[in-house]
Undergrad: 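Sharing a structure here in structure tokens format.
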Amino acid sequence: MITSASTTTDSVSDLSASLTTNPIQSNQRLRVVFAGTPEFAALSLEALISQQEALNIDIVAVYTQPDRKAGRGQKLSASAVKQVALNHDIAVEQPATFKKSSVEGMTARQILRTYQPDVMIVAAYGLILPIGVLTTPTHGCLNIHGSLLPRWRGAAPIHRALLAGDDETGITIMQMDKGLDTGDMLYKVSCPIAAEDTASSLHDKLAALGAIAITTVLKDLSHYQAQATAQDDTQANYAEKLIKTEGEIDWTQSATVIERQIRGLTPWPGAYTFLAGQRVKILASLPVNASQPTDEPDGTVVSVGRKAILVACGKDSTQNTASTLAITNLQFAGGKPMTAEQICHGNQLNDGDQFTAESK
């Protein structure tokens with residue numbers, strides 16, 4: 001989740017004042033607090049740690065989500081960011097909230113002030129940062145956001161870009177304010193979306209770009225803050241958090257839409273359908289081939305081949321006939337992932353079989 005600030009009754013003017021009345025001295029090492037949780041953020045933290053001398057910064061503390069239970073044993077597990085911080089002997093803070101309506105939140109604010117941060121770097125932290133927190137660092141809080149703002153604001157910009165069929169995405173370094181990813185943009189770097197990109201592969205590309213982008217900005221923070229650009233709110237879209245049911249395939253949709261769904265929801269929550277009441281995970285498919293139309297009903301297995309399994313889908317907007325999706329990898333309930341060739345040699349799927357929605 002990309003963290004952004006929530007609306008509070010604290011004075012917003014304090015934020016702008018802190019960014020204009022405290023010029024950065026060239027010989028002064030910036031005291032940096034880093035806030036993030038998953039691997040996306042950990043890569044940026046690693047980059048900042050390795051370049052502290054070159055960037056003239058000191059990472060004085062790392063904030064991350066409280067440890068969560070994970071795995072079959074449900075043991076408490078440290079976040080990727082916490083593991084990086086501990087490996088480098090950096091102080092770790094894990095408050096559950098910064099809300100001033102709670103004792104824990106007020107304590108968390110006080111602890112943050114004791115670190116006397118010049119700037120706070122935020123990347124997929126997962127906690128709301130109120131104005132009272134955003135104004136604590138001398139130069140405010142910078143967010144490493146996985147989209148070319150204002151295109152996708154919110155929790156799942158990488159997935160939504162794929163689902164929408166965007167040709168490119170990127171990283172925006174944003175000066176955080178009280179809105180949902182609405183702050184001024186300091187730096188942007190684009191990344192083309194390849195035809196084979198999944199949410200997983202695109203995540204890795206953007207995580208690497210994010211690390212480069214934040215180090216670029218910190219090399220000359222005063223310059224980038226002075227050149228900050230306001231977002232055009234009319235171009236913004238909300239990247240809503242993913243839910244598991246988004247993975248269910250509606251075969252009345254065109255093959256193009258379904259193919260994007262498969263890539264955009266890999267690895268989580270994953271695309272799936274049902275065959276004779278049993279869930280089948282659709283793991284991968286080929287780019288849509290417009291020269292393979294069909295008149296079979298939606299969800300019908302047109303052919304089971306060694307290279308791909310063709311399934312009838314709904315009509316594409318550019319065609320009068322139904323489109324087909326070429327599935328290359330899938331997984332039957334209780335089984336292992338299988339290639340089209342492995343399925344072709346078995347008898348679990350046959351021409352004419354029907355993929356359906358979940359029976360209620």
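All of these numbers come straight from a predicted model, not from anything done at the bench. One is the number of the first residue; the rest follow in order along the sequence.
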Undergrad: When you look at CZ of Arg306, are more than 12 heavy atoms from neighbouring residues, nucleotides or ligands closer to it than 6.0 Å?
TA: no
Undergrad: Judged by atom type as modelled, is there a donor-acceptor pair below 3.5 Å linking the side chain of Thr300 to the main-chain atoms of Glu296?
TA: no
Undergrad: Answer yes or no: does atom NZ of Lys188 have more than 12 heavy-atom neighbours from other residues, nucleotides or ligands under 6.0 Å?
TA: yes
Undergrad: Give a yes or no answer on whether the side chain of Gln83 reaches the backbone of Ala78 with a donor-acceptor pair at less than 3.5 Å.
TA: yes
Undergrad: Can I get a per-line list of side-chain donor-acceptor pairs under 3.5 Å for residues 160-169, giving both atom names and the distance, sequence neighbours left out?
TA:
unit_1 : atom_1 : unit_2 : atom_2 : d
Arg160 : NE     : Glu240 : O      : 3.0
Arg160 : NH1    : Glu246 : OE1    : 2.8
Arg160 : NH2    : Glu240 : O      : 2.8
Arg160 : NH2    : Glu246 : OE1    : 3.3
Arg160 : NH2    : Glu246 : OE2    : 3.0
Asp166 : OD1    : Arg151 : NH2    : 2.7
Asp166 : OD2    : Arg151 : NE     : 3.1
Asp166 : OD2    : Arg151 : NH2    : 3.4
Asp166 : OD2    : Trp152 : NE1    : 2.9

Undergrad: Any sub-3.5 Å donor-acceptor pair from Ser323's side-chain atoms to Gly314's backbone N or O?
TA: yes
Undergrad: Suppose we screen for side-chain contact (heavy atoms from CB on, under 4.5 Å). Which residues come up paired with Ile49, at least two apart in sequence or across chains?
TA: Leu45, Gln52, Ile59, Val84, His88, Ile90
Undergrad: Regarding Gln94 and Lys82, do their side chains bring together a donor and an acceptor under 3.5 Å, going by distance alone?
TA: yes
Undergrad: Enumerate donor-acceptor pairs with a distance under 3.5 Å from any side-chain N or O in residues 196-210 to protein atoms, sequence neighbours excluded.
TA:
unit_1 : atom_1 : unit_2 : atom_2 : d
Asp197 : OD1    : Ser201 : OG     : 2.8
Asp197 : OD1    : Lys205 : NZ     : 3.1
Asp197 : OD2    : Ala194 : N      : 2.8
Asp197 : OD2    : Lys205 : NZ     : 3.0
Thr198 : OG1    : Ser200 : N      : 3.3
Thr198 : OG1    : Ser201 : N      : 3.2
Ser201 : OG     : Thr198 : N      : 2.9
Ser201 : OG     : Thr198 : O      : 3.2

Undergrad: Scan residues 272-282 for pairs that pass side chain to side chain donor-acceptor pair (under 3.5 Å), counting only residues two or more places apart or in two chains.
TA: Trp251-Thr273
Undergrad: Taking only residues two or more places apart in sequence, or in another chain, which ones meet Asp351 in a side-chain contact (heavy atoms from CB on, under 4.5 Å)?
TA: Ser303, Val304
Undergrad: For Asp232, I'd like to know if atom CG has over 12 heavy atoms of other residues, nucleotides or ligands within 6.0 Å.
TA: yes
Undergrad: Who passes side-chain hydrogen bond (donor to acceptor under 3.5 Å, both in side chains) against Asp233, sequence neighbours left out?
TA: Arg153
Undergrad: Tell me yes or no: between the side chains of Gln116 and Arg113, is some donor less than 3.5 Å from an acceptor?
TA: no
Undergrad: Is a donor on one side and an acceptor on the other found under 3.5 Å between the side chain of Glu39 and the backbone of Ala80?
TA: no
Undergrad: Yes or no on salt bridge (charged side-chain N to carboxylate O under 4.0 Å, His left out) for Arg31 and Asp58, after CA distance, side-chain angles and deciding distance?
TA: CA-CA 5 Å; Arg31 293 176 61 82; Asp58 287 319; 5.9 Å; no
Undergrad: Under the 3.5 angstrom rule, does the side chain of Thr64 hit a backbone N or O of Gly36 as a donor-acceptor pair?
TA: yes
Undergrad: Without swapping roles, check the side chain of Glu248 against the backbone of Glu358 for a donor-acceptor pair under 3.5 Å.
TA: yes
